[in-house]
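Written below as structure tokens is the structure these notes are about.
Numbering of ligands and ligand atoms starts at 1, following listing order. Note that the numbering runs from 1 along the sequence shown for the chain.
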Amino acid sequence: MNVLVIGGGAREHVICEAINKSSNSTLFSIMSNKNPGIEKIAKKHQIEKETNIPSVVDFAKKNAIDIVLIGPEAPLEAGLTDALENQGIKVCAPSKKAARIETDKEWMRKLLKKYNILGQLKFQSFTDDKKAKNFIESLNCEVVIKPIGLTGGKGVRVYKDHFSNVKQAHQYVKEVLEQKIGGHAKVLIEEKAIGEEFTLQAFADGNTILPLPLVQDHKRLQPGDKGPNTGGMGSYSSADGLLPFLQKSDYEEAALILQQIIEALNNEGCAYVGPIYGQFMLTNDGPKIIEINARFGDPEAMNVLPLLRNDYLDLCLSMIEGTLNKKKLDIKKQATVCKYIVPEGYGVKSLSGKIIYVDETKITESGSLLFYASVNKENDHITTTSSRSLAVVGISDSIDQAEKQCEKALEGINSDHIFIRHDIGTNTLINQRITHMKSIRGL
Ligand code: AMP
């Protein structure tokens, strides 16, 4: 089958590797930057803006594409799924309407309320800054301020992390409204959930979900969870599919929440097909929904897809055909630690155009995996852009071993102008998470 993957980040690189393992697939790619890893395994690729719908549809038709997988959120919001399906091409990704679960945060919160879904937080949206200020005061300033539209995870401001009083909160609300941050003069104010964050990703076929192992991402730039929010600096998962600070019942509750959301979307006439991503805060009162994404997470896709023994193309077809209830996931019982290599200055002002030397043999010999993200290729080396450059994933029996393996693999990457959060997956950081969660739960 001719399979087209849309997107050129590390998430899409791992998706391409998963598809490439399938004996029945020939890989095609459309990406806005040339990902050296995807370029190597795709039969054909085109450098193209992923939201350029006429071009993508044209490419799919000309290359007799049977099925399309969409990695990033922007083409979902632009309606790429619908446009391809109108041409009779199968797509394993949600429609524009179903993707509103990610692209319209206010609609998402209202849907949760309408269907009485577990794990809700208090919220209200505002176009008037003074009314927003009153709501912030009513919640004692313990709020999170979110632009309504997509901001790549970078427009969110959290009480105590980014502002410490109502005046500062009000100031940011005004900024969002005046500058239309996220594309709209509207802001969402949510109750701040306190606890440990985790990600649950699942496959969905409109009715059924098959949940994957849990992952914990690290959004903050600096070690110890300091500094600005980023697209994600790295992540880990545990061999048992849970996380060291969390119990099986928490996992089951999060899976139930995703199942309830799939059923709600079905009821609304927009059945959800494709991978779905739930970001949760584990609080004293169970998991609360922070965000739902209409796709895999980046980095989290790199923690789960390499563990999948099932044929991924077969699973994608099953999502489209609505037959996931007949499938069972076969997942390796191993831990993973993913660390992103980012350009120096990333999150503030990236130094782009700087050389990174990558010794692929050394990385592979360590047992780790390498996924390229946003880089430019020049002769025998690559150079940084302003976005995340590449990621290394250690895979072993325990988080500790996977972390050590990942660090060994990182010795194969050399540059004077990169930054890595080396604390991700270390015992010190994991023990902090466990202690934090115990204190939240009053244990
Ligand atoms: P988002 O773009 O919605 O994923 O938000 C970015 C980050 O802000 C999340 O990873 C959380 O750490 C934090 N955050 C967002 N919403 C909340 C909330 N309601 N309570 C606590 N933290 C939040």
Query raised in the report: Which is it for D400 and S398 under the side-chain hydrogen bond (donor to acceptor under 3.5 Å, both in side chains) test, yes or no, and what are the steps along the way?
Result: CA-CA 5 Å; D400 181 48; S398 67; 5.0 Å; no

Using a 4.0 Å cutoff against the non-hydrogen atoms of [X], which atoms of ligand 1 qualify?
| X | result |
| --- | --- |
| M281 | 21 (C), 22 (N) |
| Q279 | 4 (O), 9 (C), 10 (O) |
| A193 | 18 (C), 20 (N), 21 (C) |

Report task. Sort out for me which residue in N35, V5, V3, L69 forms a side chain to side chain contact (heavy atoms under 4.5 Å, CB included) with C16. Result ->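 The residue from N35, V5, V3, L69 that satisfies side chain to side chain contact (heavy atoms under 4.5 Å, CB included) with C16 turns out to be V5.
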
Query raised in the report: Counting heavy atoms only, which of E190, K146, H218 comes nearest to atom 3 (O) of ligand 1?
Result: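 Comparing heavy atoms across E190, K146, H218, the nearest one to atom 3 (O) of ligand 1 lies in K146.
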
Requested in this report: Please work out which of I145, L188, N229 has its closest non-hydrogen atom nearest to atom 7 (C) of ligand 1.
Outcome: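 Considering heavy atoms of I145, L188, N229, the nearest to atom 7 (C) of ligand 1 sits in N229.
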
Query raised in the report: Does the N or O separation between L121 and ligand 1 drop below 3.5 Å for any pair?
Result: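 Between L121 and ligand 1, no N or O pair is found under 3.5 Å apart.
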
Requested in this report: May I ask you to check whether E197 has an N/O atom sitting below 3.5 Å from an N/O atom of ligand 1?
Outcome: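 Yes, since at least one N or O of E197 sits under 3.5 Å from an N or O of ligand 1.
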
Requested in this report: Would you check, one step at a time, whether the test side-chain hydrogen bond (donor to acceptor under 3.5 Å, both in side chains) holds for N266 with N207?
Outcome: CA-CA 7 Å; N266 213 349; N207 290 297; 2.8 Å; yes

Query - Donor-acceptor pair between T199 and E300 side chains, under 3.5 angstrom - result: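 Judged by distance alone, the side chains do pair up.
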
**Report entry** Short side-chain donor-acceptor distance under 3.5 Å, S352 and T385
**Finding:**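 The answer is no; no qualifying pair exists.
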
Requested in this report: Decide whether the shortest distance between a heavy atom of E191 and an atom of ligand 1 is less than 4.0 Å.
Outcome: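 E191: in contact with ligand 1 (<4.0 Å).
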
Query raised in the report: Which word best sums up how the rings of H13 and Y372 line up, parallel for under 30°, tilted for 30 to 60°, or perpendicular for over 60°?
Result: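 Judged by the thresholds at 30° and 60°, the geometry between H13 and Y372 is parallel.
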
